[in-house]
Amino acid sequence: MVKSGKALPENPSPHRADHEDDHDHGHALNWREVNRVLFVAAAAVAIWFLRGSPNPYITAIGVACTLVGGFPIFHESYENITQRRMTMELSMAIAIVAALAIREIFTALIITLFVLVAEILEGLTVGRGRQAIQRLIDLLPSSATVRRDGGWKDVPILEIAVGDEVLARPGARIAVDGKVIGGHSFVDQGPITGESMPVEKGAGAAVYAGTINQSGVLEIRAERLGRDTTFGKIIEAVERAEKSRAPIQGIADRLSGYLVYFALAAAAVTFLITHNMRSTISVVIVAGACGIAAGTPLAILGAIGKAAQDGAIIKGGLYLEKLAEVDTILLDKTGTLTYGTPEVMEIRPADGVSQGYLLESATIAECQSEHPVAKAIMTKAFQMSIRVRHPDKFDYTPGRGIVAEFEGEEIAVGNWMHLRDERIQGADAMQGTSDGAVLVTRGGHLLGSIHVADLLRPEAKAAIQSLKSMGLKTILLTGDSIIVAQAVGKGLGVDEISAELLPEQKLQRVQELMAQGKKVVMVGDGINDAPALAQATVGVAMGSGTDVARESSDIVLIGSDLTKFVETVRIARRCHRIIMQNFVGTLVVDSIGVGLAAFGFLNPLLAAFIHVSSEMTFILNSARLLPPVPSANKLVRGLFSHSPAITD
């Protein structure tokens, strides 16, 4: 019925021309179909006014108009017969022919008119779901200014190659992913990252296709083009997902076929009992399964498009269906609930020691270390304008800390066990200090502690509470110590905490839960999460995570916002509810309609009206999931981040 969009070209960039065929059905009215509807409607009006005429040609003209106007229905029915498929078009064709056979010309024309109108409305509705990709592609320019032969020249996007120098003028959309090699400007990444303020860009800064250059001119070295850009990967992922088939679609197709067989069987029984051809035709007409056949893929299409709009790429209808049924959420800590970057949260100097002296002593020891905690301390020192001086000697003990020597004084930085081993006075008193505390001594005297923590994502607590309110069990899985895990877990309100886990132990935990019959979502971002992501019922990767994690997952949260995951769960559940409503509604309407028609309470016209009305009701019910049409920018807000491109 409605054609799906094309894939992106292999090497070039996504381009409007690559999707021109998407407008053939659904994005705009097909005027040939509209003219056909007007022709059949005019014929029906003429037959109504001439119904009492004794002219024998009136009937022949009516039959001819029905056959001409209903040609698409008969043609599709013929194809269904050759493919041995039972569809509603075939049952409607049978009903039209039966009406003509008993000289119900006006009835045959009205049935034809209803079916043609329903197909146009269905095409327009389903076509809305396909417009999401078109609006994404329309955000890219069709040409760009590239350095050629020592000057700048406007060329089509398709002619740009990796390594080319691309010029982005003020107000223009950037056409490629790349690095700024010249110029200075501010780039509006709001339609992409959701940032409210433009981002300053200078030499060495990364820029992304689809963003808007604002004030200055930028020279960009092209690094990724077309499907290789972050933008292109997003479009590809959405396209593949929209073309995929969820298991429930197979059920919908089979049920549609069964309903047609049921209608024909009921019609045969009605005729054998009543010998009333009008009642028999009414039975065939009233039973409809298009609400299921078209409504189910439309709901899935709408849900995937809505999730993409909200910043979650679902890689297929299968995962959308599974997500609606999950009952347990496993959450990695670092990079998922936290930013994955330690920060200095508090500086606690001992009595008589200043914060500056404490931090300066720590930087002397930490300045040569590559440990994340050392980087956090050095960042804090830079923020406080503390001069960094290098030690004369440096010794690092993994898992414990650092001992350095500076101008004849020994400086020790580490946990209490490290200080105890170094026989620092007062170390025993520090036993039990939280894992986030870095103790600093100089010349054998304790200067105080620097508390370093991985900053929680601001939305994490609200996201956890939302998941729990939906009846989902939340479990924190982390390789961190039990002290850190409990501090994070209790602060967020998770139901269960599992700490000090190796990657294989995370995988084992997923397997244990699934063996208990649980339907599990694993949310993570690192290489160590990949096995669990792949094993879980649904794997969800943070967009800022590693390539391995994104490749192992079924859903990617671009922008790494947990509230996007919560909303995606809601969308999946809503999609499932709508499909079930369509299933139940169709069965109820068909059962009641067939019963009324069989006992003569429905004439063919009323049966046709009920058939089309119920079909459009269920299709429009599914259409509630489709993303809003007007705002193209909102469609991609949150779809990009400063992370590498998504790869599948």
Side-chain angles (χ1 to χ4, degrees), residues 40 43-44 47-48 50-54 56 58-60 62-67 69-70 73-74 76-78 80-81 84-118 254-293 583-618:
V40 174
I47 292 297
W48 172 260
L50 297 173
R51 64 187 183 279
S53 172
I58 299 299
T59 300
V63 171
C65 288
T66 303
L67 295 176
I73 303 171
F74 297 120
E76 190 166 348
S77 299
Y78 173 75
N80 293 332
I81 291 172
R84 298 183 180 181
R85 294 174 56 232
M86 182 58 72
T87 65
M88 292 311 301
E89 284 76 12
L90 181 55
S91 67
M92 288 297 99
I94 294 172
I96 292 169
V97 171
L100 292 175
I102 62 172
R103 299 199 173 194
E104 289 276 355
I105 309 300
F106 179 71
T107 298
L109 284 168
I110 292 299
I111 295 171
T112 303
L113 179 65
F114 280 173
V115 173
L116 293 176
V117 170
R254 289 194 296 274
L255 181 57
S256 298
Y258 294 151
L259 285 175
V260 174
Y261 286 121
F262 165 71
L264 294 178
V269 171
T270 299
F271 183 75
L272 290 174
I273 294 175
T274 65
H275 298 288
N276 187 323
M277 184 57 72
R278 286 175 62 85
S279 295
T280 301
I281 294 173
S282 297
V283 168
V284 175
I285 294 171
V286 78
C290 291
I292 295 176
F583 273 39
V584 173
T586 298
L587 292 174
V588 169
V589 170
D590 282 9
S591 300
I592 295 175
V594 166
L596 292 174
F599 287 99
F601 294 106
L602 295 181
N603 60 37
L605 283 178
L606 186 54
F609 177 77
I610 292 174
H611 172 102
V612 174
S613 299
S614 63
E615 173 186 337
M616 290 312 303
T617 297
F618 298 132

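Scope of the values below: all heavy atoms of this structure, side chains included, with no hydrogens, waters or symmetry mates.
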According to the interplanar angle, ranging from 0 to 90°, do the rings of H275 and F271 count as parallel (below 30°), tilted (30 to 60°) or perpendicular (above 60°)? perpendicular

So OG1 of T617 and CD1 of I610: to nearest 0.5 Å the spacing works out to 11.5 Å

Derivation and outcome, side-chain contact (heavy atoms from CB on, under 4.5 Å), residues F601 and L606: CA-CA 9 Å; F601 294 106; L606 186 54; over 6 Å; no

Heavy-atom pair of closest approach, residues I285 and A607: CG2-C, 3.6 Å

How long is the straight-line distance from CG of L67 back to CZ of F74, given to the nearest 0.5 Å? 5.5 Å

With sequence neighbours excluded, what pairs up with T107 under the side-chain hydrogen bond (donor to acceptor under 3.5 Å, both in side chains) test? E104

Working for side-chain contact (heavy atoms from CB on, under 4.5 Å), residues C65 and L109: CA-CA 8 Å; C65 288; L109 284 168; 4.3 Å; yes

Spatial distance of atom CG (L264) from atom OG1 (T280) [nearest 0.5 Å]: 11.5 Å

Residue pair I110 / A44: nearest heavy atoms and the distance that separates them: CD1-CB, 4.0 Å

Give the minimum heavy-atom separation between A597 and V286, together with the two atoms involved. CB-CG1, 4.4 Å

Got a second to check how far S614's OG is from F609's CZ, nearest 0.5 Å? 10.0 Å

If you look at every heavy atom in A598 and T270, which pair is closest and at what distance? CB-OG1, 3.5 Å

Can you tell me how far CE of M277 sits from CZ of R103, rounded to the nearest 0.5 angstrom? 14.0 Å

Pair F618, V589 - check side-chain contact (heavy atoms from CB on, under 4.5 Å), show working. CA-CA 11 Å; F618 298 132; V589 170; 4.3 Å; yes

If every non-hydrogen atom of T66 is compared with every non-hydrogen atom of I105, which pair is closest and at what distance? OG1-O, 4.5 Å

Check the pair V594 / F262 against side-chain contact (heavy atoms from CB on, under 4.5 Å), numbers first and verdict last. CA-CA 10 Å; V594 166; F262 165 71; 3.8 Å; yes

Has the side chain of S282 got a donor or acceptor atom that lies under 3.5 Å from a matching backbone atom of L602? yes

So which atom in A267 and which in V284 form the shortest heavy-atom distance, rounded to 0.1 Å? CB-CG2, 3.4 Å

Determine whether a donor-acceptor pair (N or O, by modelled atom type, separation under 3.5 Å) exists between the side chain of S279 and the backbone of N276. no

Euclidean distance, T59 OG1 relative to I47 CD1, rounded to 0.5 Å: 7.0 Å

